[in-house]
Amino acid sequence: MAMTELVIRADGICKHYGRGDTRVEVLRGLSFELAAGESVAIMGPSGCGKSTLLNLLNGLMRPDRGCLEVFGQACQGLSDNDWARLRRSRIATLFQDGNLIPTLNVSRNIVFRAGLAGLAVEPLELLQALGIAEVAQRYPDQLSGGQRQRAALACAFAMQPELMLADEPTGSLDQASARRVMPLFFEAMHERRLTSLIVTHNPALAQCCDRVLELSNGELRP
Ligand SMILES: Nc1ncnc2c1ncn2[C@@H]1O[C@H](COP(=O)(O)OP(=O)(O)O)[C@@H](O)[C@H]1O
Ligand SMILES: [Mg+2]
């Protein structure tokens with residue numbers, strides 16, 4: 001029997017911040033699996049630990065306890081350099097405001113991001129596919145929220161990741177812009193057969209995913 005390839009396996013993950021009186025237990029034995037090609041939405045109130053979870057999955061933070069595997073590798077065996085390599089080439093993180101470099105125009109942001117992954121890309125092709133070819137020469141502070149979001153997406157696609165982690169990707173957009181960007185987002189994801197984990201407050205965005213999980217009391221549930 002063919003086994004489904006798992007991109008993420010998390011089992012009993014715990015993570016806290018602070019100490020003594022200010023100690024907060026954010027994740028309390030969280031478990032889930034993400035199969036290759038799947039898109040999963042994570043919902044939950046502000047402060048429940050969604051960003052913390054994403055930052056464990058891209059290696060910017062380490063869990064206190066529990067077993068975390070990415071691409072079949074146990075994270076205990078991954079050094080900071082190993083994680084950095086994964087973030088350059090296999091795991092893209094899309095932040096709410098778009099993690100663009102302010103001193104580079106959009107085209108150069110894309111070329112730079114691809115270069116980190118050892119790739120050469122034609123930025124205009126990517127921008128055309130996302131419907132924002134006209135902003136190629138503009139700097140991040142010359143973009144609208146929706147344009148910045150799509151430019152950030154173009155940068156993420158430029159590295160040809162296998163796993164896309166998105167932290168409230170439509171969070172800085174108004175409803176109308178969010179409705180325009182979302183279909184593009186999913187079309188582009190499906191085209192690239194990307195595995196994705198999308199943190200969102202937006203039920204319409206969550207409904208576009210294969211599964212929705214709720215983060216509450218430090219655990220993930222369907
Ligand atoms: N660096 C930190 N130090 C202390 N507490 C933190 C830190 N980062 C986040 N927290 C707390 O951990 C909880 C979860 O934060 P976060 O993962 O950002 O939640 P979400 O993304 O769901 O809004 C919140 O109560 C937040 O205040
Ligand atoms: Mg957050």
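As the structure lists them, so they are numbered: ligands from 1, and atoms in each ligand from 1. Only this structure's heavy atoms are used, side chains among them; waters, hydrogens and symmetry mates stay out.
- Under a 4.0 angstrom heavy-atom cut-off, Gly44 registers as lying outside contact with ligand 1.
- Atoms of ligand 1 lying under 4.0 Å from any heavy atom of Val26, numbered from 1 in the order shown and given with element: 12 (O), 13 (C), 14 (C).
- Annotation: atom 18 (O) of ligand 1 to nearest protein heavy atom, Ser51 CB, 3.7 Å.
- Of the protein's heavy atoms, at least one falls inside 4.0 Å of atom 20 (P) of ligand 1.
- Annotation: Arg221, atom CZ; neighbour count of heavy atoms from other residues, nucleotides and ligands within 6.0 Å is above 12.
- For the residue pair Asn217 and Arg28, the shortest heavy atom distance occurs at O-CD, 3.5 Å.
- Between the side chains of Asn55 and Thr52, no donor N or O sits under 3.5 Å from an acceptor N or O.
- Atom 15 (O) of ligand 1 has Thr52 OG1, 3.8 Å as its closest protein atom, hydrogens excluded (heavy atom only).
- Checked by distance only, ligand 1 and Gly18 stay at 3.5 Å or farther apart across all their nitrogen or oxygen atoms.
- Regarding atom 6 (C) of ligand 1, its nearest protein heavy-atom neighbour is Tyr17 CD1, 3.3 Å.
- Side chain of Lys50 to backbone of Ile198: no donor-acceptor contact under 3.5 angstrom is found.
- Between Leu215 and Leu27, the closest side-chain pair of non-hydrogen atoms falls below 4.5 Å.
- Within a 6.0 Å sphere centred on CZ of Phe112, other residues, nucleotides and ligands contribute 12 heavy atoms or fewer.
- Distances from the Mg ion (ligand 2) show that Ser51 has an N/O/S atom below 2.8 Å.
- Per-atom contact check: atom 2 (C) of ligand 1 touches the protein, criterion being a heavy-atom distance below 4.0 Å.
- Note: an N/O pair closer than 3.5 Å links Gly49 and ligand 1 by distance alone.
- With a 6.0 Å radius and a threshold of 12 heavy atoms from other residues, nucleotides or ligands, Arg108 has its CZ atom at or below the threshold.
- By the 4.0 Å N-to-carboxylate-O rule, Arg62 lies close enough to Asp80 to be salt-bridged with it.
- Between Gly47 and ligand 1, an N or O atom pair is found at a separation short of 3.5 Å.
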